[in-house]
Participant: 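One structure, pasted below without further comment.
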Protein chains: 2
Amino acid sequence: MTDDLLSAIDRDSYEPAYAQLVRILTRQIAAGLFRPGDLLPSEAQLCDRYGVSPMTVRRVINILADQGVVIAKQGRGTFVKPLELGTATFDLGTLLQLLKEESNSKVKFLEARITPATKRTAGKLAITSGDRTVFIRRLIYHNEQPVLLHREHVIYDPSRPIIEAEMEVTALRGLFSGGSKSGLKRGELAIDVTVLTAEEAILLQTSVGAPAFRLEHIFCDYDDRPVSWGWFICAGEHLRFTASIGVYE
Amino acid sequence: MTDDLLSAIDRDSYEPAYAQLVRILTRQIAAGLFRPGDLLPSEAQLCDRYGVSPMTVRRVINILADQGVVIAKQGRGTFVKPLELGTATFDLGTLLQLLKEESNSKVKFLEARITPATKRTAGKLAITSGDRTVFIRRLIYHNEQPVLLHREHVIYDPSRPIIEAEMEVTALRGLFSGGSKSGLKRGELAIDVTVLTAEEAILLQTSVGAPAFRLEHIFCDYDDRPVSWGWFICAGEHLRFTASIGVYE
DNA sequence: ATTGACGACTTCCCTATATAATTGTACAAT
DNA sequence: ATTGTACAATTATATAGGGAAGTCGTCAAT
């Protein structure tokens, strides 16, 4: 208790004042000193209490607010937010970490050929059915073990000089680390569940019917035209998305 | 072009200056005026260009930076970030939206009984095997159709007054909207894939072996002790996680 | 009892200014 | 060639304060 009350900004620290105050308030909330629904001290009070300027306190409140820890209501005060499932966010960090370590991972090209677009592919890429696309299949290994199967359709259009660069980017390495000259503007991702087909099971060296993630992606260029559509298949045993909600000290 | 160059802060607008500038810069980036890797105008230049104070520009840069659109490097400048898969974040918004509309969704209690903890449950809840827990099974309907199956183990310990409140919170409604008096501090979530067992398939009125999401959760109280462990099962056909990366105007 | 005006308090937005920290360059000294 | 120094440009942090806008209670007028 007294520890929390005695906590103060250390002016000699390399840690900026605002960061220290974020830490202090977060810890106080985590310790239960302020519970969900409680009113935090007003900004003026925090200024006096910690000897910082209003702008600094505002900055701290803003940070806590878009961390989702508190919510500030004009004219009323700043309140501690309760635990909400909806605030949980999952990312691809775990998936990508596997592949970041170059040494342990490698990519095997299975196939790359030019083929007319099916109706479905044409729909996804906003082209007309029968237009030519480059179809690519890759197998990504981690520790000598196949983990990801990647299928992708890339628009084949010699009139677009972008294409060449796309192929680079789509070379996975670029996709993950983000090549600077990509010419890609945005992408849409979606996660589905599926069960492995016979072909997929063989490639991924596991059993048919096993549950798997399917990560679909579409990338668009600066004219908002789709350039590539594809998806990764990953057996469930190799992947898990995790998230945390609430306050962590 | 000229449109982008002529764009200015409207002082009479209700939209704050910082928000307007975020919008302006975002649109310029989305339009390809600044490409990945490019250097943005310096903060001083932006001040002159748009007639705002340095603090306001700093706020704008900060917002863009933690949106992942740009990255500011001290002493060098602010750069436009390339597209990176790792920045994609998925949330439970779609899942929860289904259940927010009270009218279309209802919860059916299947079971709630006190039972000794198995080894696995004890491990998850950090109690000793054989301790009593409350086991709960629920079925969540949306539009008269079963969508989610929920299983949960809650610690049964009369000496903890929290328990009573937990039961409230765990009453789903509270879980989603976040009861203010929850007494819960934090939670861990994980998404797995699985295939439906016979029992699950019957309850969810779909077929055995169908792929499904499994959303596991553990909630802890203010002493960091686990209070409840459980998971939702959702057939894949009803759920899809989506995310976007890149710049949206 | 209801309404309306006022004031106290709060968060929100913005300006103006100053100082520190980091980086890169140019140039002189070694 | 390498090193060191000085300088300019940049972002990062912080101070001090003012006005706008929202909320809530008080108190007088109706």
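Below, read A as the first sequence line, B as the second, and so on, with proteins coming before strands; counting in each chain starts at 1.
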Participant: Report the distance from atom CG of A/Leu21 to atom C1' of D/dT13, rounded to the nearest whole Å.
Facilitator: 14 Å
Participant: Taking side chain as C-beta onward, heavy atoms only, is B/Ile191 less than 4.5 Å from A/Ile191?
Facilitator: no
Participant: Nearest-Å distance, CZ (A/Phe79) to P (C/dC9)?
Facilitator: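 The answer, rounded to whole Å, is 17 Å.
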Participant: Across the strands shown, which category fits B/Arg59 at heavy-atom distances under 4.0 angstrom: base, sugar-phosphate, nothing?
Facilitator: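 Sugar-phosphate contact only - B/Arg59 comes under 4.0 Å of backbone atoms but never of a base.
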Participant: Measure from CG on B/Leu40 to P on D/dA9 and round the result to the nearest Å.
Facilitator: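 Taking CG of B/Leu40 and P of D/dA9, I get 19 Å after rounding.
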Participant: Rounded to the nearest Å, what distance is computed from the OH atom of residue B/Tyr18 to the C1' atom of nucleotide C/dT15?
Facilitator: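 Value for this atom pair: 16 Å.
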Participant: Say you draw a straight line from CZ of B/Phe109 to CD1 of B/Ile136; how long is it, rounded to the nearest 0.5 Å?
Facilitator: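 With rounding to 0.5 Å, CZ (B/Phe109) is 5.0 Å from CD1 (B/Ile136).
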Participant: Between SG of B/Cys234 and CZ of B/Arg240, what distance do you get to the nearest 0.5 Å?
Facilitator: 13.5 Å
Participant: When the C1' atoms of the five terminal pairs at each end define the local axes, what inter-axis angle does the helix from C/dA1-D/dT30 to C/dT30-D/dA1 show, to 10 degrees?
Facilitator: 10°
Participant: Given atom OH of B/Tyr50 and atom P of C/dC14, what is their separation to the nearest angstrom?
Facilitator: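 So the OH-P distance, B/Tyr50 to C/dC14, works out to 16 Å.
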Participant: So, do A/Arg23 and A/Glu15 sit near enough that their side-chain heavy atoms are less than 4.5 Å apart?
Facilitator: yes
Participant: Are any of B/Thr78's side-chain N or O atoms less than 4.0 Å away from OP1 or OP2 of D/dT11?
Facilitator: yes
Participant: In the structure I gave you, are the side-chain heavy atoms of B/Phe232 and B/Leu95 within less than 4.5 Å of one another anywhere?
Facilitator: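 They are not in side-chain contact.
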Participant: Output the single nucleotide from C/dC14, D/dT15, D/dT10 whose closest atom is nearest the side chain of A/Thr56.
Facilitator: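 Among C/dC14, D/dT15, D/dT10, the one nearest the side chain of A/Thr56 is D/dT15.
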Participant: Between D/dA14, C/dC12, D/dT11, which one does the side chain of B/Ala72 approach most closely?
Facilitator: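 So the side chain of B/Ala72 is nearest to D/dT11.
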Participant: Pick the nucleotide of DNA chain D nearest each of B/Gly77 and A/Gly51; which residue has the one closer to the 5' end?
Facilitator: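 The residue whose closest nucleotide sits nearer the 5' end is B/Gly77.
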Participant: Looking only at side-chain atoms of A/Pro16, point me to the closest of D/dA16, C/dT10, D/dT13.
Facilitator: D/dT13
Participant: Measure the acute angle between the ring planes of B/Phe213 and A/Phe213, then classify it against the limits of 30° and 60° as parallel, tilted or perpendicular.
Facilitator: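 Plane angle between 30° and 60°, so tilted.
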Participant: With side chains defined as the heavy atoms from C-beta onward, is the minimum distance between B/Ile61 and B/Leu46 less than 4.5 Å?
Facilitator: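 When only atoms from C-beta onward are counted, B/Leu46 and B/Ile61 do touch, with a gap below 4.5 Å.
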Participant: Does the side chain of A/Leu92 come within less than 4.5 Å of A/Leu189's, by heavy atoms?
Facilitator: yes
Participant: Using the rule side-chain contact (heavy atoms from CB on, under 4.5 Å), only one of B/Glu152, B/Lys108, B/Arg151 pairs with B/Arg138; which is it?
Facilitator: B/Glu152
Participant: Between A/Ser53 and D/dA14, is there a side-chain N or O to OP1/OP2 distance below 4.0 Å?
Facilitator: no
Participant: What integer distance in Å separates B/Gln20:CD from C/dC13:C1'?
Facilitator: 12 Å
Participant: CD1 of A/Ile71 to CG of A/Leu40: how many Å apart, nearest 0.5 Å?
Facilitator: 12.5 Å
Participant: Do any side-chain nitrogens or oxygens of A/Arg11 fall under 4.0 Å of OP1 or OP2 in D/dT15?
Facilitator: yes
Participant: Pick the nucleotide of DNA chain D nearest each of B/Glu43 and B/Met55; which residue has the one closer to the 5' end?
Facilitator: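 Upstream on the strand: B/Glu43.
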Participant: Over how many whole Å does the gap from A/Arg58 atom CZ to D/dA16 atom C1' extend?
Facilitator: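 Rounded to whole Å, this separation is 16 Å.
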Participant: Is it true that B/Asp223 and B/Lys185 make a salt bridge, defined as a side-chain N closer than 4.0 Å to a carboxylate O?
Facilitator: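 Salt bridge flag = no for B/Lys185 with B/Asp223.
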Participant: Using a 4.0 Å cut-off on heavy atoms, which residues in residues 62-71 of chain A reach DNA chain D? List them by number, or say none.
Facilitator: none
Participant: For A/Ile61 and C/dT11, what is the distance between atoms CD1 and P respectively, to the nearest whole Å?
Facilitator: 7 Å
Participant: Pick out the pairs of N or O atoms, protein on one side and nucleotides 18-22 of chain D on the other, that lie under 3.5 Å.
Facilitator:
from	atom 1	to	atom 2	distance (Å)
D/dA21	N3	A/Gln74	NE2	3.1
D/dG22	N2	A/Gly75	O	3.2

Participant: Using the ring of each side chain (for Trp, its six-membered ring), is B/His150 parallel, tilted or perpendicular to B/His217, with breaks at 30° and 60°?
Facilitator: tilted
